[in-house]
Every structure is written in structure tokens, then in C-alpha cells.
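Notes for the one structure printed next.
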Number of protein chains: 2
Amino acid sequence: MIPDDAPLLIGNLLLGALQPRDRALLAPHLEARECRRGEVLFEAGEDVSFISFPTGSTVAALVIAMRDGRTVEVATVGHEGAIGGVVSQGSLPAFSRAVVQIAGPVLRLETQRLQETKAASPALRNLFTRYADCLLAQVLQAVACNALHPIEERCARWILGLQDRLDSEVLPITHELLADLLGVQRSYLTRTLKSLQQQDLIQVRRGRIVVCNRAALEAKACECHGAVKRHFETVLGALCGPSAPPVALSPTRRRAF
Amino acid sequence: MIPDDAPLLIGNLLLGALQPRDRALLAPHLEARECRRGEVLFEAGEDVSFISFPTGSTVAALVIAMRDGRTVEVATVGHEGAIGGVVSQGSLPAFSRAVVQIAGPVLRLETQRLQETKAASPALRNLFTRYADCLLAQVLQAVACNALHPIEERCARWILGLQDRLDSEVLPITHELLADLLGVQRSYLTRTLKSLQQQDLIQVRRGRIVVCNRAALEAKACECHGAVKRHFETVLGALCGPSAPPVALSPTRRRAF
DNA sequence: CGCCGTTTGTGCACAATTGCACAGACAGCC
DNA sequence: GGCTGTCTGTGCAATTGTGCACAAACGGCG
């Protein structure tokens with residue numbers, strides 16, 4: 001059992017935004033787990049029995065695999081949200097696989113418990129509905145982004161998104177993995193990263209990417225990152241933003257998600 | 001006021017799948033409207049005060065516009081679903097624009113009415129949650145599809161989707177419009193359509209596309225169309241499928257959506 | 001019938017991206 | 001300190017898609 005105000009619990013913005021009373025309803029049922037990179041939270045077609053709340057710098061992703069084996073990330077979730085049955089909320093089969101991309105601590109909750117608690121608390125219901133709306137917005141934007149924007153811009157966008165969630169300049173990811181997530185060819189992605197490096201936006205290291213000029217990277221990225229972030233701020237900002245309980249990160253570096 | 005069993009009302013699969021009792025809760029608040037092609041149901045950023053149920057062969061789309069003016073369709077909704085606040089369900093700002101693509105009758109309902117009715121009926125809540133899950137699945141698949149599949153396959157997929165909703169071989173759409181929806185160049189789309197025509201899958205006419213070999217078109221299309229359709233059948237099939245009230249279409253030609 | 005605006009067809013240069021092959025570099029481990 | 005497996009860099013041909021210009025075809029309307 002986790003204390004209501006445990007840092008772990010507050011390390012997820014959704015959970016952190018709850019009133020102490022609502023948080024107390026969930027806390028007894030939350031299970032802390034450490035997830036490794038690559039760990040599959042649920043597989044496409046499976047019933048989703050747990051909802052996971054990444055905390056700290058843990059990041060998970062919804063991934064769709066095609067018959068030919070190629071995969072793409074279709075949604076990313078960090079400590080700003082939750083993964084699994086966010087929309088369906090029942091015992092429906094998952095449409096996509098969920099994979100841990102950046103290892104770290106996660107809080108798990110049985111889907112059914114969440115359902116019960118939602119029934120009991122309008123504020124909690126409201127919060128999750130708002131998050132679902134944001135998740136959908138993120139995915140809608142990704143559809144458009146993949147249709148219209150060249151890889152370099154999408155790559156820059158993706159780096160920004162990961163940095164927001166990690167809150168660090170150093171992103172532990174290989175070209176290979178990033179290429180898979182973007183759904184592009186590894187060798188071309190290497191060239192793209194090198195191009196970004198030549199523009200002094202990032203530095204490419206073995207197994208990691210270092211952001212050295214965030215502002216310029218934002219300028220290089222497509223507008224999609226900003227559009228989604230703005231929606232999060234509009235819809236969840238008052239709840240998870242500045243007025244939310246402080247997170248264990250240096251204040252000047254806190255971001256919306 | 002619309003009678004509970006009016007053909008118009010049953011012409012939307014979601015409304016048609018409701019128990020007569022639940023349908024009676026909504027019916028008094030439904031407003032029938034005729035929509036023209038191009039009509040904007042709501043604009044991005046606006047609060048969504050109405051939810052619209054396309055009936056018959058009316059088709060609407062969620063569209064995202066980029067700063068440079070280019071647009072893409074990010075979700076399509078026909079008589080299998082509903083558009084507007086399906087997920088957010090509250091008075092949150094819409095993330096994307098909603099546009100009528102194929103003119104026809106639509107039933108409108110104030111978002112707030114739907115909220116009230118949901119509060120009163122678990123079955124209705126369940127149905128809408130299921131639909132929201134399917135909508136999300138459709139969008140997730142579109143993210144992957146746009147990332148991985150060449151235009152010809154996506155084009156074939158799109159044609160199948162429209163045909164499902166229209167239930168006709170003849171699709172009233174111009175190259176120009178279709179290119180906008182897919183987010184590709186008109187001149188290239190013309191070539192793509194011609195290629196599909198040369199394979200005897202479709203016939204290209206001025207202002208319309210005629211499907212002449214559905215099966216072969218399905219083979220040419222990417223797997224995405226099938227994957228989404230399967231999810232609809234799994235999640236909504238028992239409700240909106242064969243066991244649902246008959247729709248005014250010839251039985252052999254009925255499709256899942 | 002003939003005109004006119006819209007829609008479609010096509011040519012061409014070139015940019016973006018794939019696909020594949022292979023060399024080199026790094027980091028951890030024994 | 002050297003081996004080994006993973007990760008990164010790069011060369012090159014082929015394909016896919018863009019961007020633009022302009023001609024041709026169609027169909028409704030007066």
C-alpha cells in the first residue's frame with residue numbers, strides 16, 4: 001500500500017492532479033512496478049485488465065504491427081497520462097500493443113477498480129475524460145503529421161516529445177529503435193539525425209541523442225508538437241499544470257507533459 | 001419530434017442499436033437536418049455543442065488543417081457512428097474541424113442532452129463507450145497507415161471505406177477532393193487512380209469513381225481497412241451487426257459500416 | 001448548339017525516401 | 001587488452017511522390 005502523497009504517486013500528473021480525497025480512493029489499489037525497456041504491457045487483441053500510469057521518466061507507447069512485421073508508434077504516453085483502456089474503459093480487446101520505451105517505475109491499477117472509482121467520483125471521471133480527449137487529439141494530429149510532414153520535421157517533433165517526458169537533454173535511444181517508432185528506414189534516419197546535428201540542434205552519441213538547442217529544434221520541428229501540447233494545456237492545464245502539486249523536477253524545467 | 005422507429009432514426013447504426021426504451025430517451029431531442037457537401041459541423045477550437053449522427057449515406061470527416069493551408073482527413077464517420085464530442089463528451093474545445101463530405105441527412109443532438117441521457121442509461125453509456133473505442137482504433141490505424149503504406153494502397157483503402165458507408169458502386173468524389181483528404185498531390189492521385197483503373201479495380205469518371213471489382217480492390221488495399229473493420233465487428237458487431245434492427249439496404253449488400 | 005468553368009490527363013525536373021550492402025566505431029565483458 | 005555484438009556511417013541504384021505547367025475533356029447552362 002502506497003501513502004496518498006508518496007512521490008511516486010505524485011510523479012504521475014493525472015494522479016497528482018486528483019483531490020486528496022479521490023487519490024485516497026485509488027491509492028490502495030495501485031501497485032508499483034518497475035518496467036524494463038521493451039516490456040509489453042498488453043498485446044493487441046488481449047483484454048486489458050490493467051491500466052498503467054508511468055511515473056517520473058518512464059515512457060510507454062502504443063504500437064501497431066503490420067503483417068509484414070514493420071511497426072510504428074501510434075501514441076506515446078509518459079507521466080502526463082495513462083495507458084490501457086483509457087477510452088474503452090471496459091473489458092474490450094486492445095486494438096494495439098503497448099510497449100515500454102523508456103524503462104522506469106509504473107503504477108498499475110486494475111481496470112475494474114478504476115471503473116468502480118469513476119462511478120463514485122465525478123471529479124475523477126471528469127479528469128479521465130479530459131485525458132482521453134487529449135489522447136485522441138494527439139493521435140489525430142499524428143495522422144495528419146504522418147501524411148504531410150517530411151521525416152526530418154517528424155523526427156525533430158518526436159525528440160521534443162520525448163524530451164518533454166524525460167525532462168533531460170539526454171535521450172537514451174538508438175537510431176534503430178527511433179526508426180522503428182517513426183516507421184522509417186534506419187539508414188535514412190541516421191542521415192536525418194546527422195543533418196539535425198549539422199544544424200547544431202542535437203548531438204548524436206552511441207545509444208543516445210543529446211538536445212543542445214531546444215528552441216531551434218522547436219523551430220525545425222513541424223507545428224504538430226505545439227498543437228498537441230496546446231490542447232493538453234487547454235484541456236488539462238488547469239488541473240495538471242502550474243496549479244497541480246509540484247513534481248520532483250526542478251521548477252524551471254517543468255513542462256506540460 | 002421524430003417517431004421512435006422512424007427510418008431516419010434507424011438509418012444510423014448507433015441509434016438503431018439502442019433498445020427502444022433508450023431510443024425513446026433520445027428521440028425527442030433529435031433534430032433532423034439536411035447537410036450539404038462542404039458544410040462545417042464545427043471548427044477546430046470551437047466548443048462542440050452538438051453531436052451529429054449521419055444517416056443513410058451521409059458521410060462526415062474530421063479534418064486537420066496545417067498552417068500552410070494543407071489539410072488531411074484524420075477520421076471518417078458515416079451512418080455507423082457519430083461525430084463531435086464522442087470522447088470528450090463535455091464542453092471541451094474541438095481539436096479538429098468536422099466537414100460533411102457526402103451530403104445527406106443528419107440527426108443532431110445537443111451534447112448536453114446526450115450527457116444527461118448517458119447518466120440515466122447504462123446501456124447507452126456502454127454503446128457510446130464502445131463506439132469511442134472503435135473511433136480511436138480507426139485513428140490509431142490511420143497513423144500507422146500513413147506512416148507505412150504507399151499512396152496506391154491508401155487510396156484503395158479509402159475507396160473501400162467510402163463504399164462501405166455509401167453502399168453503392170458509385171462514389172461521388174473528385175480527384176481534387178480525394179487528394180486533399182489523403183493529403184497528397186492531385187496530379188499524382190490522378191495517376192494512382194489511373195493505375196487502379198488499368199488493373200480493372202475501378203473506373204474513373206468525371207466527378208465519380210466506380211468500383212468494378214470490390215474483391216480485387218480489397219486485395220490491392222493495405223490491411224488497414226480490414227483491421228479496423230474487424231475491430232468494429234468485435235466491439236460493436238453484436239450490437240450493430242446482423243442482430244441489429246434491419247436497415248433499409250438490400251440484405252446481401254449490408255456491410256459492417 | 002456553343003460557351004465556359006471545372007475536372008482530368010500528362011510531361012518533366014527534382015526532391016524525398018527506400019532498400020540493400022558493407023565498413024567502421026564503440027562499449028562492455030571475459 | 002582483445003573479442004564480440006551492437007550500433008552508426010555511407011555509397012549507390014531504384015522507387016515513390018512533389019511541384020508546376022498546360023492541354024484536353026467533360027458537362028451543364030443559356
Side-chain angles (χ1 to χ4, degrees), chain A residues 36-38 66 68-72 101-103 144-159 170-199 202-210 220-222, chain B residues 36-38 66 68-72 101-103 144-159 170-199 202-210 220-222:
Chain A
R36 302 178 314 283
R37 150 166 290 167
M66 295 292 172
D68 66 6
R70 287 191 298 168
T71 60
V72 213
Q101 300 296 357
I102 305 289
C145 186
N146 284 348
L148 296 177
H149 297 146
I151 294 180
E152 184 164 305
E153 292 179 19
R154 273 156 52 197
C155 179
R157 179 199 171 191
W158 195 95
I159 292 172
V170 182
L171 317 181
I173 191 159
T174 64
H175 298 186
E176 179 82 40
L177 180 51
L178 181 48
D180 265 12
L181 295 177
L182 291 173
V184 304
Q185 191 133 327
R186 199 274 310 162
S187 68
Y188 188 66
L189 184 71
T190 294
R191 288 173 241 249
T192 303
L193 288 171
K194 209 176 149 231
S195 158
L196 292 175
Q197 179 169 34
Q198 277 162 359
Q199 296 166 64
I202 61 171
Q203 284 203 314
V204 179
R205 296 272 169 280
R206 189 187 175 81
R208 63 216 136 95
I209 293 168
V210 183
K220 175 64 60 179
C222 53
Chain B
R36 301 178 315 283
R37 149 165 291 166
M66 296 292 172
D68 65 7
R70 286 192 297 169
T71 61
V72 213
Q101 300 296 357
I102 305 288
C145 187
N146 283 348
L148 295 176
H149 298 146
I151 295 180
E152 184 165 303
E153 292 179 19
R154 273 157 52 199
C155 180
R157 178 200 173 194
W158 196 95
I159 292 172
V170 182
L171 316 180
I173 192 162
T174 64
H175 299 186
E176 178 80 42
L177 181 51
L178 180 49
D180 265 14
L181 295 177
L182 291 173
V184 304
Q185 193 133 325
R186 199 274 309 164
S187 68
Y188 189 66
L189 184 71
T190 293
R191 287 172 241 249
T192 303
L193 288 172
K194 207 174 150 230
S195 158
L196 292 175
Q197 180 168 34
Q198 278 162 359
Q199 297 165 64
I202 60 171
Q203 284 203 312
V204 179
R205 296 273 169 280
R206 189 186 176 81
R208 63 215 136 96
I209 294 168
V210 183
K220 174 63 60 177
C222 52

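Computed from a predicted structure; not experimentally measured. All heavy atoms count here, side chains included; hydrogens, waters and symmetry mates do not. So that the names make sense, note that chain A is the first sequence line, chain B the second, and so on, each numbered from 1.
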Query raised in the report: With Arg70(B), which residues qualify under salt bridge (Lys or Arg N to Asp or Glu O under 4.0 Å), at least two apart?
Result: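 Salt bridge (Lys or Arg N to Asp or Glu O under 4.0 Å) check on Arg70(B) returns Asp68(B).
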Query raised in the report: Does Arg186(A) have any salt bridge (Lys or Arg N to Asp or Glu O under 4.0 Å) partners at least two apart in sequence or in another chain, and if so, which?
Result: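 Not a single residue meets the salt bridge (Lys or Arg N to Asp or Glu O under 4.0 Å) criterion with Arg186(A).
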Query raised in the report: Quick one: is dG9(D) close enough that its OP1 or OP2 comes under 4.0 Å of any side-chain N or O from His175(A)?
Result: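 Result: yes.
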Dump the pairs, protein N or O against N or O of nucleotides 1-5 of chain D, anything under 3.5 Å, distances to one decimal.
unit_1	atom_1	unit_2	atom_2	d
dG5(D)	N2	Arg206(A)	NH2	3.2

Query raised in the report: Which comes earlier along DNA chain D counting from the 5' end, the contact point of Ala147(A) or that of Lys194(A), where each point is its nearest nucleotide?
Result: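 Residue closer to the 5' terminus by nearest nucleotide: Lys194(A).
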Report task. Please report the shortest heavy-atom distance between Gly183(B) and Leu148(A), naming the atom on each side. Result ->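 The answer is O-CD2, 3.6 Å.
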Report task. Would you give the length of the straight line joining atom NE2 of His149(B) to atom CE of Met66(A), rounded to the nearest 0.5 angstrom? Result ->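 Reported value, rounded in 0.5 Å steps: 4.0 Å.
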Listed partners of [X] passing side-chain contact (heavy atoms from CB on, under 4.5 Å), at least two apart:
| X | answer |
| --- | --- |
| Gln185(A) | Ser187(A), Tyr188(A) |
| Ala156(A) | Leu217(A), Lys220(A), Ala221(A) |
| Val170(B) | Ser168(B), Arg208(B), Val210(B) |

Requested in this report: For Glu153(B), enumerate each residue passing the side chain to side chain donor-acceptor pair (under 3.5 Å) test, keeping only those at least two apart in sequence or located in another chain.
Outcome: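 Side chain to side chain donor-acceptor pair (under 3.5 Å) check on Glu153(B) returns nothing, list empty.
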**Report entry** All side chain to side chain donor-acceptor pair (under 3.5 Å) counterparts of Arg37(A), not counting sequence neighbours
**Finding:**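 Expected list: none.
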Requested in this report: Go through residues 181-193 of chain A and report each residue with a non-hydrogen atom lying under 4.0 Å from DNA chain C, sorted by number.
Outcome: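 Hits under 4.0 Å, by residue number: Val184(A), Gln185(A), Ser187(A), Tyr188(A), Arg191(A).
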Is there any protein nitrogen or oxygen under 3.5 Å from a nitrogen or oxygen in nucleotides 28-30 of chain D, and what are the pairs?
none

Query - Terminal contacting nucleotides, 5' and 3', DNA chain C versus chain B (heavy atom, 4.0 Å) - result: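 Terminal contacting nucleotides, 5' to 3': dG5(C) to dC12(C).
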Roughly how many Å is it from [atom1] in [X] to [atom2] in [N], rounded to a whole number?
| X | N | atom1 | atom2 | value |
| --- | --- | --- | --- | --- |
| Glu153(B) | dT16(D) | CD | C1' | 12 Å |
| Leu177(A) | dT6(D) | CG | P | 15 Å |
| Glu152(B) | dT15(D) | CD | P | 15 Å |
| Gln203(A) | dT8(D) | CD | P | 15 Å |

What donor-acceptor contacts under 3.5 angstrom involve side-chain atoms of residues 172-180 of chain B, with partners at least two apart or in another chain?
unit_1	atom_1	unit_2	atom_2	d
Thr174(B)	OG1	Leu177(B)	N	3.1
His175(B)	ND1	Thr190(B)	OG1	3.0

Query raised in the report: Looking across every strand, which nucleic acid part, if any, lies under 4.0 Å from Arg205(B) by heavy atom: base, sugar-phosphate, or nothing?
Result: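 It contacts sugar-phosphate atoms only.
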Report task. Please tell me if the side chains of Asn146(A) and Arg154(A) come closer than 4.5 Å, counting only heavy atoms from C-beta onward. Result ->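 In short, these two side chains touch, coming nearer than 4.5 Å.
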Query - Within-4.5 Å side-chain heavy-atom neighbours: Leu193(B) and Ile159(B) - result: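 Yes, at least one pair of side-chain atoms sits under 4.5 Å.
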Query - With Glu152(A), the side-chain hydrogen bond (donor to acceptor under 3.5 Å, both in side chains) member among Arg157(A), Gln199(A), Arg191(A) - result: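 Only match with Glu152(A) under side-chain hydrogen bond (donor to acceptor under 3.5 Å, both in side chains): Gln199(A).
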